[in-house]
Amino acid sequence: MTSILTVDDSMSVRMAIRIALSGAGHIVAEAADGAEGLAKARTAKYDMIITDLNMPNMNGLEMIREIRKLPIQAGTPIIFLTTESDEGMKQEAKAAGATGWLVKPFVADNLLKVTRKVLGR
């Protein structure tokens with residue numbers, strides 16, 4: 001069983017991610033913003049983290065930078081799932097420690113494909 005943390009301020013997006021991933025046998029934890037995501041990442045090891053970019057309290061870039069400082073999450077793949085598709089933003093995300101990038105709205109099959117690829121399955 002793989003454990004995946006999804007961080008997005010939209011409840012409907014979190015629900016769509018949870019349905020897609022739990023249907024494929026993954027355990028899904030959820031956070032409503034970067035601050036909550038960081039708090040969860042400090043207390044539990046995840047096999048993968050999926051995060052939005054634009055969120056209240058702490059955005060996805062700030063959260064990734066902080067998560068990359070946590071020994072418990074060393075090597076954890078982090079995927080951005082966002083409406084942003086700007087190349088400069090993608091480079092900034094990569095520099096912050098993002099593993100990959102998916103653009104919203106996402107197709108469940110594409111999310112699962114990226115998940116399998118990132119998790120090496």
Side-chain angles (χ1 to χ4, degrees):
M1 283 283 180
T2 53
S3 176
I4 299 174
L5 173 63
T6 178
V7 186
D8 198 300
D9 56 322
S10 165
M11 183 181 285
S12 60
V13 171
R14 288 196 316 269
M15 187 185 313
I17 293 170
R18 183 181 42 201
I19 289 167
L21 295 176
S22 62
H26 303 287
I27 297 167
V28 181
E30 299 178 32
D33 60 45
E36 186 183 348
L38 178 59
K40 289 189 176 202
R42 284 187 170 124
T43 60
K45 171 71 175 145
Y46 294 97
D47 297 298
M48 181 173 148
I49 298 171
I50 300 170
T51 184
D52 190 12
L53 176 60
N54 301 307
M55 298 179 288
N57 301 318
M58 176 184 278
N59 72 35
L61 278 174
E62 294 167 332
M63 184 190 77
I64 288 175
R65 288 186 187 110
E66 292 304 311
I67 286 174
R68 288 300 181 213
K69 297 175 186 174
L70 302 175
I72 189 173
Q73 299 302 341
T76 302
I78 302 175
I79 302 295
F80 258 122
L81 180 62
T82 180
T83 55
E84 298 279 341
S85 58
D86 176 68
E87 199 55 45
M89 186 56 75
K90 287 181 181 179
Q91 292 307 316
E92 192 175 345
K94 192 172 184 176
T99 311
W101 191 283
L102 273 172
V103 177
K104 290 180 193 172
F106 71 95
V107 176
D109 284 348
N110 290 348
L111 177 64
L112 293 172
K113 203 177 294 178
V114 168
T115 301
R116 281 192 300 273
K117 183 178 179 183
V118 167
L119 294 173
R121 297 178 186 170

Under 4.0 Å between a side-chain nitrogen and a carboxylate oxygen: does that hold for K69 and E66? yes
From T51 OG1 over to N54 CG, what is the distance, rounded to the nearest 0.5 angstrom? 10.0 Å
Is the shortest side-chain heavy-atom distance between E30 and R18 below 4.5 Å? yes
Please tell me if the side chains of T6 and V28 come closer than 4.5 Å, counting only heavy atoms from C-beta onward. yes
Is there side-chain contact between F80 and L102, with heavy atoms separated by less than 4.5 Å? no
Are K94 and T99 close enough that a side-chain donor and a side-chain acceptor fall under 3.5 Å? no
Between K104 and D52, is there a side-chain N and carboxylate O pair less than 4.0 Å apart? yes
Return the CG to CZ distance between L70 and R42, rounded to the nearest 0.5 Å. 6.0 Å
Test item: L81 and L53 side chains (from C-beta on) under 4.5 Å apart, heavy atoms: no
Rounded at 0.5 Å granularity, tell me how far OG1 in T115 sits from NE2 in H26. 5.5 Å
Hydrophobic clustering (ILVMFWY, side-chain heavy atoms < 4.5 Å, transitive) - are I64 and L5 grouped together? yes
From K90 NZ over to D86 CG, what is the distance, rounded to the nearest 0.5 angstrom? 8.5 Å
Where do I17 and F106 land on the side-chain contact (heavy atoms from CB on, under 4.5 Å) test, with the steps shown first? CA-CA 9 Å; I17 293 170; F106 71 95; 3.7 Å; yes
Do you know which two heavy atoms are closest between L61 and A93, and how far apart they sit? CD2-CA, 3.5 Å
Do M89 and V103 sit in the same hydrophobic cluster, where Ile, Leu, Val, Met, Phe, Trp and Tyr count as joined when their side-chain heavy atoms come under 4.5 Å apart? yes
Would you check if R68 and Q73 make a side-chain contact, meaning some heavy-atom pair closer than 4.5 Å? no
What is the distance from atom OG1 of T2 to atom CE of M48, rounded to the nearest 0.5 Å? 8.5 Å
Do you reckon I27 sits in the same ILVMFWY cluster as Y46, going by side-chain contacts under 4.5 Å, direct or chained? no
Full working for side-chain contact (heavy atoms from CB on, under 4.5 Å) between L111 and I50: CA-CA 10 Å; L111 177 64; I50 300 170; 3.9 Å; yes
Between V7 and E36, does a side-chain contact (heavy atoms from CB on, under 4.5 Å) hold up when you go through it step by step? CA-CA 8 Å; V7 186; E36 186 183 348; over 6 Å; no
Would you compute the distance between atom CE of M55 and atom OG1 of T82 and round it to the nearest 0.5 angstrom? 9.0 Å
Evaluate the side-chain proximity of V118 to I79: yes if any heavy-atom separation is below 4.5 Å, no if none is. yes
Determine, using the 4.5 Å side-chain heavy-atom cutoff (strictly less than), whether M15 and L21 are members of one ILVMFWY cluster. no
So if you build clusters from Ile, Leu, Val, Met, Phe, Trp, Tyr with side-chain heavy-atom gaps below 4.5 Å, do I19 and L112 land together? no
Backbone N/O of D8 and side chain of R14: donor-acceptor pair under 3.5 Å: yes
Please check: side-chain N/O of Q91 versus main-chain N/O of G88, any donor-acceptor pairing under 3.5 Å? no
D33 side-chain N/O to N57 backbone N/O, donor-acceptor pair under 3.5 Å: no
Taking the side chain as everything from C-beta on, heavy atoms only, tell me whether I49 gets closer than 4.5 Å to I4. no
Atom of R65, atom of A96 and distance for their closest heavy-atom approach: CG-CB, 3.8 Å
